[in-house]
2 protein chains.
Amino acid sequence: MRQETIENYLKTIYHLSSHNTLIVSNQKIAGKLHLNPATVTEGVKKLHELKYVVYEKSYGTRLTAAGIKLTLDIIRRHRIWETYLAKELGFGWDEVHAIAEELEHVNNVKLINKLAAILGNPIYDPHGDPIPDEKGNIQKSNFIKLSEAKLGLNYIVMGVTDHSTTFLKYLEKHHLIIGARLNIIAIEDFDNSILLVCKKKEVSISSKASACIIVQTI
Amino acid sequence: MRQETIENYLKTIYHLSSHNTLIVSNQKIAGKLHLNPATVTEGVKKLHELKYVVYEKSYGTRLTAAGIKLTLDIIRRHRIWETYLAKELGFGWDEVHAIAEELEHVNNVKLINKLAAILGNPIYDPHGDPIPDEKGNIQKSNFIKLSEAKLGLNYIVMGVTDHSTTFLKYLEKHHLIIGARLNIIAIEDFDNSILLVCKKKEVSISSKASACIIVQTI
DNA sequence: TTATTAATTTAGGCATCCCAAAAAGAAAAT
DNA sequence: ATTTTCTTTTTGGGATGCCTAAATTAATAA
Ligand SMILES: [Mn+2]
Ligand SMILES: [Mn+2]
Ligand SMILES: [Mn+2]
Ligand SMILES: [Mn+2]
């Protein structure tokens, strides 16, 4: 199995299992990787042989300790590159994900640690996601999705779970960048859209969008 | 054909044809890429279909204009990364080639131009090789190999044609880095080894090594 | 020129990575 | 409990990239 194939599978399984607490279905993996489910059946079998996952037929897949270790290393490379591209090379937070998706597969420990050192060993990337350290330790947060926020309370934007340019550009337009403060003034029963105030302006956020915004109470 | 496969073939053909003046044999390509000659026969056929080369059966291969254009772009990416790794990230000239060999395949014009701009749009990489500009213009030099140097004359080291760590470490040991000045004091008829003075020390350089060192008279 | 040697190509095969369609299995609805 | 629906797996196959061994062609030596 090509290393790049392995890495893209593991990253997908990790994210779909929400930090490895859940078993992941073939269909979910297929959806994320834009593959046919039949292809994924083959893929997870091979990953099982390589001891990166435990795969149970007709049931699902979860990462092994070795799988988690490698995955956190890939995630580290990805997020360090995103941060370096944004902070040192002047790219926007909406541009860095696509480039990091390629750079992450260049596996050179000295290179990544050098970039991290230049950045001052950051703990968060430009989207608010935690960066694992060299040993695989990763910050765990008790942040919630904006879609789970409560009426009347104040929140601060901590991150996003969608890294697409279209979504990030949309957020920027409404000043919903990381660190932005907001107050929930209405939650529509009809479509679960959220009306909030940010930078003194009222914005209505669809439930689809609010499920991709990570916040913390203040 | 995978893009990475294409790029590694084209780069190899370019270098073997000494800047595209010669027709290249399958065996030479196979040697450089560590492939079986039979594999190369298939490879050059496909590159011909893609119009990157003209391949004539049982005769040889040369790059087309489109092939040269793409190749110079790959070489630009490779050499910009080598320079960035050395100048901005503190890697040694013996380390950068291997890392750049992977980074070169990440094709993002904005990224490479940003790196180049930070470096002040350099014209030479850490091994003294010219860096093509965005349009594919590349410095041509009338440098010679140390193996072609004449007795008694003084030279300055301008570059190397072997980027392996072992060779570059060997050069460093004898202070034969880029910019070093040297004087030829003997050329052995027996084995074509060259005796020279560099940094006030006498060094004997084998013909194999002297063929990989690029110099200019001073 | 003919024989020998070297380079190239062809033929057949294997591994990887992917797909569509059919078959089997599991889950949900009636 | 049976049917319907959804998911997963199996089967068979296409494309790429590589190999070895055999056949062909070209180059060199005798
Ligand atoms: Mn990302
Ligand atoms: Mn990736
Ligand atoms: Mn190099
Ligand atoms: Mn390469």
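As the structure is a prediction and not an experimental result, all values here were calculated from the model. Each chain gets a letter, A, B and so on, in the order its sequence line appears, and its residues count up from 1.
Distance from the side chain of B:Ala38 is smallest for C:dA11 among the nucleotides C:dA11, D:dT16, C:dC17. Nearest to the side-chain atoms of A:Ser25 among the listed nucleotides C:dC18, D:dT8, C:dC17 stands D:dT8.
Phosphate proximity of C:dA20 to A:Asn36: present, with a side-chain N or O under 4.0 Å from OP1 or OP2. When the side-chain nitrogen and oxygen atoms of B:Thr39 are compared with OP1 and OP2 of D:dC18, none of them lie within a distance under 4.0 Å. Close to D:dT25, at under 4.0 Å from its OP1 or OP2, lies no side-chain N or O of B:Lys57. Note on A:Asn26: every side-chain N or O is 4.0 Å or more away from OP1 and OP2 of D:dT7.
Using a 4.0 Å heavy-atom cutoff across all strands shown, A:Tyr59 reaches no nucleic acid atom at all. Across all strands shown, A:Tyr9 has no heavy atoms under 4.0 Å from either base or sugar-phosphate atoms. Within 4.0 Å of A:Lys45, counting heavy atoms only, lie sugar-phosphate atoms of the nucleic acid but no base atom. Across all strands shown, A:Ser58 has heavy atoms under 4.0 Å from sugar-phosphate atoms exclusively, and none from any base.
In the model, B:His163 has a side-chain atom that pairs as donor or acceptor with a side-chain atom of B:Asp129 under 3.5 Å. B:Glu172 and B:Trp93 share a donor-acceptor pair across their side chains, judged by distance under 3.5 Å alone. For A:Gln3 and A:His105, the side-chain atoms include no donor-acceptor pair closer than 3.5 Å.
Map A:Glu56 and A:Glu42 each onto its nearest nucleotide of DNA chain D; the residue landing nearer the 5' end is A:Glu56. Taking for each of A:Leu35 and B:Thr41 the nucleotide of DNA chain C with the nearest heavy atom, the 5'-most of the two is the partner of B:Thr41.
Computed from coordinates, the A:Lys28 NZ to D:dC6 P distance equals 15 Å when rounded to whole Å. One interatomic measurement links the two molecules: CE of B:Met1 to P of C:dT16, which rounds to 20 Å at whole-angstrom precision. Following rounding to the nearest Å, B:Glu49 (CD) and D:dA15 (P) show an atom-to-atom distance of 13 Å. When the C1' atom of D:dT7 is taken as reference, atom CD1 of A:Ile23 falls 17 Å away, rounded to whole Å.
Applying the 3.5 Å distance criterion, the base of D:dC6 shares no donor-acceptor pair with the side chain of A:Gln27.
Within 6.0 Å of the CG atom in A:Asp191, the count of heavy atoms belonging to other residues, nucleotides or ligands exceeds 12.
To the nearest 0.5 Å, atoms CD1 (A:Ile138) and CD1 (A:Ile75) are separated by 6.0 Å.
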